[in-house]
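One structure is given below, encoded as structure tokens.
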Amino acid sequence: MHNWDDVAQTWLDTFDEIAPGTVEGLYVVGSAALQDWQPRSSDVDIIALTAEPADDEMAATLLTAHAIHVERHPDARVDGPFLAWGDLTVAPVGVSRPWTLDGEFHHDGECFEINPVTWYTLSIYGIAVRGPRPGDLGVPLDRIERIRFVHDNAASYWSGVLASLRGAISELDSAATLPSTVPEWCLLGACRMLYTATTGDVASKSAAGLWAADETGGEVRATIKHVVSLRNIAEQPVALDVIRAAADAMADVLRRVALIKA
């Protein structure tokens, strides 16, 4: 499928067939909502709404529908949580709700996507496939909590990604290559953290990258712009010096995030 809306509708059709009446609302967030969806590499990020929080019986039904969708459409990747309507009327906390990620269904812990950035993206940029307009959902938005979240996420998750990337670089031969999706994910993901920490807003990988390029300047600017350009073409191998430059630029971006306080 070449359009995110086809993927989302196919997903919804499957759930309506297997679990009729269960999914009362469906909203698209992530790269599709932020006008940066790439058919070759992007998942369709969603928030699905059920009448009440899913118990074990409902989770089993959702799992069945999910498994059938994956079997029928293995390349139509859809990720996100199954929330109750009431979940959206309070600040996001570590509640246990079913969710899918990278084709796997989970109902055994906290879903990372239940966070202040997701709440903001839904309310401001979300696209309703089924349900009221996102702005009418009464989603609470807290700029300080949003910035605090990305600050903590940059210091933990993204700093860990940088450490793993540098570890991989140190073990590779100088002639080795890595897929272009590696610098895209690593560097542009960090740029999104800097954008939100600075502005309080949310941007796609490409938009945040172009913004961060202008904020940083010099070699970092050139590296970020090059990585943004890679996102707009088919996946390809990139040389180790490009990966190393991306890691250095990522370190600079994360350093800038660390200097920002909510």
Side-chain angles (χ1 to χ4, degrees), residues 1-9 11-12 23-39 41-49 76-93 97 99-101 111-151 153-154 157-158 184-185 188-215 228 231-232 257 260 262:
M1 300 182 190
H2 298 291
N3 300 304
W4 66 261
D5 48 342
D6 290 336
V7 176
Q9 189 60 56
W11 183 95
L12 186 57
V23 177
E24 296 185 351
L26 181 65
Y27 297 87
V28 173
V29 290
S31 59
L34 296 172
Q35 307 298 311
D36 193 32
W37 192 73
Q38 306 291 331
S41 60
S42 296
D43 298 338
V44 175
D45 296 305
I46 58 105
I47 294 176
L49 278 301
R77 298 168 300 182
V78 178
D79 288 337
F82 295 84
L83 304 175
W85 291 104
D87 292 332
L88 294 176
T89 64
V90 296
V93 294
R97 299 286 184 263
W99 81 97
T100 60
L101 179 64
C111 172
F112 173 79
E113 294 304 326
I114 301 177
N115 66 61
V117 170
T118 300
W119 258 225
Y120 179 84
T121 305
L122 168 63
S123 182
I124 304 301
Y125 298 106
I127 300 172
V129 179
R130 172 180 292 170
R133 293 190 313 113
D136 294 336
L137 294 173
V139 179
L141 305 178
D142 188 320
R143 186 179 189 274
I144 292 177
E145 286 301 315
R146 191 160 60 251
I147 294 174
R148 183 177 293 128
F149 171 79
V150 299
H151 187 276
N153 191 231
Y157 177 78
W158 288 105
E184 287 176 39
W185 170 258
L188 300 185
C191 289
R192 294 188 72 191
M193 298 298 101
L194 180 60
Y195 180 84
T196 298
T198 303
T199 69
D201 198 1
V202 172
S204 69
K205 290 184 177 70
S206 296
L210 292 174
W211 174 89
D214 289 338
E215 288 291 304
V228 170
R231 184 166 172 78
N232 297 314
V257 175
I260 298 171

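Residues take their numbers from the sequence shown, with the count starting at 1.
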Any donor-acceptor pair under 3.5 Å from [X] side chain to [Y] backbone:
X: D43; Y: D45; answer: no
X: H151; Y: I260; answer: yes
X: R130; Y: V23; answer: yes
X: T118; Y: I114; answer: no

By the salt bridge (charged side-chain N to carboxylate O under 4.0 Å, His left out) test, which pairs, at least two apart or in different chains, include something from residues 190-211? none
Give me the atom names and distance for the closest heavy-atom approach of [X] to [Y].
X: R146; Y: G200; value: NE-O, 2.7 Å
X: P92; Y: N115; value: CG-C, 3.5 Å
X: A128; Y: G131; value: CB-O, 3.9 Å
X: C191; Y: A212; value: SG-CB, 3.7 Å
X: P140; Y: T89; value: CD-C, 3.8 Å
X: E145; Y: D142; value: N-OD1, 3.0 Å

So do [Y] and [X] actually touch side chain to side chain, heavy atoms under 4.5 Å?
X: W11; Y: L26; value: yes
X: V150; Y: Y195; value: no
X: L141; Y: S123; value: yes
X: E113; Y: D79; value: no
X: V202; Y: I124; value: no
X: P132; Y: Y27; value: yes
X: V44; Y: W37; value: yes
X: L88; Y: W119; value: yes

Not counting sequence neighbours, which residues clear salt bridge (Lys or Arg N to Asp or Glu O under 4.0 Å) with R97? List them please. D87
Please report whether the ring centroid of F149 lies less than 6.0 Å from that of Y157. no
Rounded to the nearest 0.5 Å, what separates atom [atom1] in [X] from atom [atom2] in [Y]?
X: I46; Y: T100; atom1: CD1; atom2: OG1; value: 5.5 Å
X: I127; Y: Q35; atom1: CD1; atom2: CD; value: 6.0 Å
X: R143; Y: T199; atom1: CZ; atom2: OG1; value: 7.0 Å
X: D5; Y: L12; atom1: CG; atom2: CG; value: 12.5 Å
X: S206; Y: E184; atom1: OG; atom2: CD; value: 8.0 Å
X: L210; Y: L188; atom1: CG; atom2: CG; value: 8.5 Å

Between W85 and E24, is any side-chain donor less than 3.5 angstrom from a side-chain acceptor? yes
